[in-house]
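See below for the structure under consideration.
Here is how names work: the chains are called A, B, and so on, in the same order as the sequence lines, proteins then strands, and each is numbered from 1.
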Amino acid sequence: MINSKLAELLDVIADMLELEGEKYSRFEVLAYRKAAVTIGGLQEDAEEIYKKGGTDALMELPGIGKSMAAHIEEYIKTGKIAKYEKLKKKYPLDIANLTKIQGMGAKKAFKLYKALGVKDVQGLKKALAQHRIRDLEGFGEQSETQIQKGIDFLESGGGRMLLGTALPEAEAIRDKLLKSGLVEKAIIGGSTRRMRETVGDLDILLISSKGQRVMDFITSMQEVESTIAKGPTKTSVRLKIGLNCDFRLVERTSFGAALQYFTGNKDHNVKLREMAIKKGLKLNEYGLFDKRNRNVAAGENEEQVYKTLGLDWMEPEMRENRGEIYLALHHKLPKLVQLADIDGDLHVHSKFSGDSSNTFEEIAGEAKRLGREYAGVTDHSKSEYMNRGLDEKGYRRVFAEIDKANKKLEGFTLLKSGEVDILKDGSLDIDRKTLGEMDYVLASVHSGLKDPKDAMTKRIVNALNSGQIDILGHPTGRLINEREPLQADMDKVFEAAKDNGVAMEINSQPSRLDLNDENAIKAKRYGLKFAIDTDAHRISHMQYMRYGIGMAKRAWLRKEDVVNTMDLGSLLKLFKK
DNA sequence: GCCGTTTTCGGCCCGACTGTTTTCAGTCG
């Protein structure tokens with residue numbers, strides 16, 4: 001995968017062009033930055049895209065035009081970009097890593113290079129230790145401290161954190177603020193509100209008349225490690241869990257506009273502002289203004305902001321500039337699936353296998369509490385010997401237990417299933433007869449995750465073509481920040497799934513979220529159905545459903561795209577087919 | 001350098017905070 005390296009190169013080119021100053025327009029710099037973001041965020045390897053469709057395919061990507069496509073082609077063919085190499089001679093410093101330090105941009109880095117010969121982070125550390133920075137023009141003692149802090153943060157592994165870790169932390173902080181009596185309103189914004197799989201920092205929006213006291217309260221909170229910036233309307237802190245959190249205080253009359261601004265991703269917001277300009281208006285976080293600087297539609301809710309721009313309000317998960325603005329303009333937004341639509345959970349482990357200790361009573365009790373009508377018991381199959389996987393006999397024993405338990409349960413049904421292993425040749429490790437006794441079959445790949453793409457594609461497609469699978473479990477096997485997804489031609493996988501009526505799982509475990517939004521968007525284009533499951537190994541995991549729902553909404557899935565929104569009768573009929 | 005669901009040329013989003021400064025550049029989101 002060349003994406004991250006390529007994105008870094010494009011970003012550094014942007015930095016260097018910025019250092020060139022007047023010679024380049026800031027828009028050209030911006031173009032490189034945009035391209036870097038696009039490439040860095042791709043799921044598919046840019047090299048694959050190029051191999052399949054050449055520079056034309058690359059130019060389909062947002063922010064990639066003729067020049068960028070040529071740069072990418074050059075990089076794939078030669079491992080280098082001439083424009084970068086040329087600039088590098090003039091700026092022979094490790095901009096990519098230096099600018100990872102918070103508060104350090106290309107300009108500061110270059111200043112330090114010119115004055116002190118600092119070329120990389122190592123050199124910077126040396127200069128800091130010798131206190132050579134504080135005497136430079138434009139720097140001071142504080143600068144040294146800030147830079148040192150930035151380096152420390154970086155080295156302690158500051159990066160994007162799982163949504164499943166970040167969201168509960170944000171909620172805890174929000175609740176504390178609400179309880180403090182100092183704020184009228186507190187809402188979590190940013191990528192957390194958009195339910196992105198990982199979160200770079202938290203944004204919390206506040207209404208309060210006690211500005212200074214609120215900011216003091218925040219910086220003295222237990223969760224806070226240090227204060228990065230503190231002003232009357234904006235405070236940034238570093239949290240002990242290793243995440244930064246921005247707090248913004250706005251007037252009630254601006255709250256809608258502020259919430260809009262702090263929720264949409266950058267592209268979405270830029271698009272909205274452009275629309276505002278075309279209407280002779282100006283949009284910022286304080287409101288929507290006309291030429292005489294009169295607020296025409298800030299209001300207390302976002303709906304007014306969207307409405308005044310001619311748009312329907314849309315759910316936060318959609319605000320990524322993936323075409324949602326066009327749909328909103330033409331009143332064609334899809335009605336997205338909601339957590340409350342979920343009627344059951346089709347991937348739950350029990351004490352009969354694996355590292356789970358869940359009893360049927362516990363599973364049923366928690367599921368009922370969450371308003372669900374059924375839960376599928378999907379214990380591991382025998383290939384997972386590390387997880388005490390079940391063989392045919394073992395499954396029969398579990399099915400008998402399920403029958404017994406169901407007799408005692410009222411208004412709730414446990415379903416007979418299994419998370420069956422897909423073997424290397426694509427066959428399942430449980431015989432046909434036993435699979436036939438299951439209400440449905442969930443099958444997953446658990447081994448050989450690094451196998452070559454061709455073999456892996458064949459393996460999964462064979463399994464799908466066996467006609468024995470109802471749901472493909474965590475289809476790419478990735479673990480966020482830990483393990484790369486398996487390499488398979490997802491187009492072929494989705495095609496085979498469509499042919500065989502197999503639903504794709506959206507696994508709600510915070511470290512999985514698999515399929516992710518991008519793959520789910522693709523799968524939906526093939527007309528596939530989805531099962532949003534929790535893969536619960538603990539009873540508490542059954543609440544992870546909201547993360548899977550977040551992913552589904554990000555993929556614009558509707559209720560009818562998700563099989564476990566159906567009532568039990570309809571679901572069983574579907575699986576019978 | 002990119003882009004267009006009116007445009008293939010003429011546009012391209014907006015503001016807060018910091019540190020080092022005497023009015024602002026740099027950085028960030």
ask   = Applying a 3.5 Å limit to both distances, which nucleotide forms a Watson-Crick or G-U wobble pair with B/dT8?
value =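 Pair assignment: B/dT8 / none.
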
In whole Å, what separates the [atom1] atom of [N] from that of [M]?
N      : M      : atom1 : value
B/dC9  : B/dG15 : P     : 32 Å
B/dG1  : B/dT8  : C1'   : 14 Å
B/dC12 : B/dT7  : C1'   : 14 Å
B/dC13 : B/dG4  : P     : 14 Å
B/dG11 : B/dC17 : P     : 33 Å
B/dA16 : B/dT21 : P     : 24 Å

key: A/Lys234 or A/Gly105, whichever maps to the more 5' nucleotide of DNA chain B   =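 Of the two residues, A/Lys234 wins.
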
query = Relative to the 5' end of DNA chain B, which residue comes earlier, A/Gly140 or A/Asp201, by the nucleotide with the nearest heavy atom?
reply =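 By nearest-heavy-atom nucleotide position, the 5'-most residue is A/Gly140.
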
At under 4.0 Å between heavy atoms, what does [X] touch on the DNA or RNA strands: base, sugar-phosphate, or nothing?
X        : value
A/Ile64  : sugar-phosphate
A/Lys266 : base
A/Leu17  : nothing
A/Ile13  : nothing
A/Glu141 : sugar-phosphate

key: Gap separating the CD atom of A/Glu274 from the CG atom of A/Asn269, nearest 0.5 angstrom   =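 With rounding to 0.5 Å, CD (A/Glu274) is 11.0 Å from CG (A/Asn269).
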
task = Could you grab the distance from atom NZ of A/Lys51 to atom CG of A/Asp45, nearest 0.5 Å is fine?
result =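 That separation rounds to 8.0 Å.
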
[X] [atom1] to [N] [atom2], straight-line distance once rounded to whole Å:
X        : N      : atom1 : atom2 : value
A/Phe262 : B/dC28 : CZ    : P     : 17 Å
A/Leu30  : B/dT27 : CG    : C1'   : 15 Å
A/Asn321 : B/dG4  : CG    : P     : 10 Å
A/Leu205 : B/dA16 : CG    : C1'   : 14 Å
A/Leu272 : B/dC13 : CG    : P     : 13 Å
A/Lys108 : B/dT21 : NZ    : P     : 12 Å
A/Glu137 : B/dT21 : CD    : C1'   : 10 Å
A/Gln146 : B/dG26 : CD    : P     : 18 Å

Output yes when at least one side-chain N/O atom of [X] is less than 4.0 Å from OP1 or OP2 of [N], else no.
X        : N      : answer
A/Ser67  : B/dG1  : yes
A/Lys282 : B/dG15 : yes
A/Tyr286 : B/dA16 : yes
A/Ser143 : B/dT20 : yes
A/Thr233 : B/dC17 : yes

Counting only side-chain heavy atoms from C-beta out, which of [options] sits nearest to [X]?
X        : options                : value
A/Gln142 : B/dG19, B/dC2, B/dG26  : B/dG19
A/Ile277 : B/dC14, B/dC2, B/dT27  : B/dC14
A/Pro232 : B/dC17, B/dG1, B/dG15  : B/dC17
A/Glu28  : B/dG26, B/dG19, B/dG1  : B/dG1
A/Ala229 : B/dC13, B/dC2, B/dC17  : B/dC17
A/Asn284 : B/dC12, B/dG15, B/dC17 : B/dG15
A/Asp246 : B/dG29, B/dT7, B/dC14  : B/dG29
A/Arg273 : B/dG29, B/dG1, B/dC14  : B/dC14
A/Arg248 : B/dG26, B/dC13, B/dA16 : B/dA16

Counting only heavy atoms not in [X], do more than 12 sit closer than 6.0 Å to its [atom1] atom?
X        : atom1 : answer
A/Lys307 : NZ    : no
A/Glu85  : CD    : yes
A/Gln122 : CD    : no

message = Can a side-chain donor-acceptor contact be found between A/His131 and A/Glu141 if the only test is distance below 3.5 angstrom?
response =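 No, A/His131 and A/Glu141 have no side-chain donor paired with an acceptor closer than 3.5 Å.
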
task = Mind telling me whether A/Tyr526 and A/Phe494 have parallel, tilted or perpendicular rings, with 30° and 60° as the class edges?
result =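 Ring orientation of A/Phe494 relative to A/Tyr526: tilted.
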
inquiry  = Would you say the ring centers of A/Tyr75 and A/His71 fall short of 6.0 Å from each other?
reply    =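 No - the distance between ring centres of A/Tyr75 and A/His71 does not fall below the 6.0 Å cut-off.
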
query = Does B/dT21 fall in syn (glycosidic angle within 90° of 0) or anti?
reply =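 It is anti.
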
ask   = With a 3.5 Å cut-off and just heavy-atom distances, do the side chain of A/Tyr261 and the base of B/dG29 make a donor-acceptor pair?
value =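 By the distance-only test, yes, there is a pair.
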
